[in-house]
Amino acid sequence: MLAVHGVTELRDRVQRWRLAGERIALVPTMGNLHAGHMQLVEEAHRHASRAVVSIFVNPLQFGPGEDYQSYPRTLDADQAKLEAARADLLFVPGVEDMYPGGRDQVTRVDVPGLAAILDGEFRPGHFSGVATVVLKLFNMVQPDVALFGEKDYQQLQIVRRLVADLSLPVEIVGVPTVREADGLAMSSRNQYLTAAQRQQAPLLYRTLGETAAALHAGRRDFSRLEAEAVQKLSPQLRPDYVSIRAAHTLAIADADTRDFVVLAAAWLGKARLIDNIQVTVGAASRPR
Ligand code: PAF
């Protein structure tokens, strides 16, 4: 596997593959790769003949006081995992490669509406930072297909909207969340948990599962279900929100919604955990 830092070399390599008629997949990451990322790489091989992986801890998507400086950077271990997974190219730009004019005045893209709700309320500017770097990576790599984890469900919807609104010729594939045996969604931030907190962390997914079961059972008192979930999470976790939304639009769910997503974000010590669960109910389900 080749590792490249500069955009010129990246473009040169990818261009050769494209001219040879190959289909190119991009897996954008911030590194510190775990089984969830490796699933994205595996899926990339199913969708394309070449898998490009990017590792870039993007300063634009971290707010003041967030963990940009302390975010785990484990390039050597990441590289070994990508070799084993038969990734074809690792793009590992520096901040100066991505933002040569500095990052303060950089042109940014915003996805209005979707970026302002849920996590966007708690992390102002975060999704504009994500959309900007994803658009830059798409322009640099020019992939045919790009893969994103469903754990970051709102991010995935924002990327889909970005691609649709800006007519980008990239197919977006969402890949199901990879979980630990006890249900905790894999995340680089899980390592911020102490051993005791790690024991408590599966409560997040368990609670989402209970909300999903209630929707399946026909309950449609959404605000009450959300409040019950918040109560179950507290005080071990400190929830930012639990929200029941329409899966495809992230609009607040209503009586006609059939495809739901229940999303939650909660603090546990220094870790901010996010997770979600999708629920599809048959047309036969009736509100109680
Ligand atoms: O999901 C992530 O790791 C990041 O938000 C992404 C998509 C690589 C953009 O920096």
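In each ligand, atom 1 is the first atom listed, and ligand 1 is the first ligand listed.
What sits closest to atom 3 (O) of ligand 1 on the protein, heavy atoms only, is M30 CG, 3.6 Å. When hydrogens are left out, the protein atom nearest atom 5 (O) of ligand 1 is Q155 OE1, 2.7 Å; that is the closest non-hydrogen contact. Annotation: atom 9 (C) of ligand 1 to nearest protein heavy atom, Q61 OE1, 3.3 Å.
The aromatic rings of F260 and F222 sit tilted relative to each other, their planes meeting at an angle between 30° and 60°.
Less than 4.0 angstrom separates some heavy atom of V133 from each of these atoms of ligand 1: 9 (C), 10 (O).
Residue-level proximity to ligand 1 for T29 is carried by the backbone, the only part with a heavy atom below 4.0 angstrom.
Using modelled atom types, no side-chain atom of E43 and backbone atom of V175 make a donor-acceptor pair closer than 3.5 Å.
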Throw together a table of side-chain donor-acceptor distances under 3.5 angstrom for residues 157-171, partners on residues two or more places apart or in other chains.
residue	atom	partner	partner atom	Å
R160	NH1	I172	O	3.1
E171	OE1	R23	NH2	2.8

What donor-acceptor contacts under 3.5 angstrom involve side-chain atoms of residues 84-101, with partners at least two apart or in another chain?
residue	atom	partner	partner atom	Å
D88	OD1	R50	NH1	3.1
D88	OD2	A51	N	2.8
D97	OD2	G94	N	2.7
Y99	OH	N58	OD1	2.6

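When the side chains of ILVMFWY residues are joined at heavy-atom separations under 4.5 Å, either directly or via intervening members, L250 and V111 end up in a single hydrophobic cluster.
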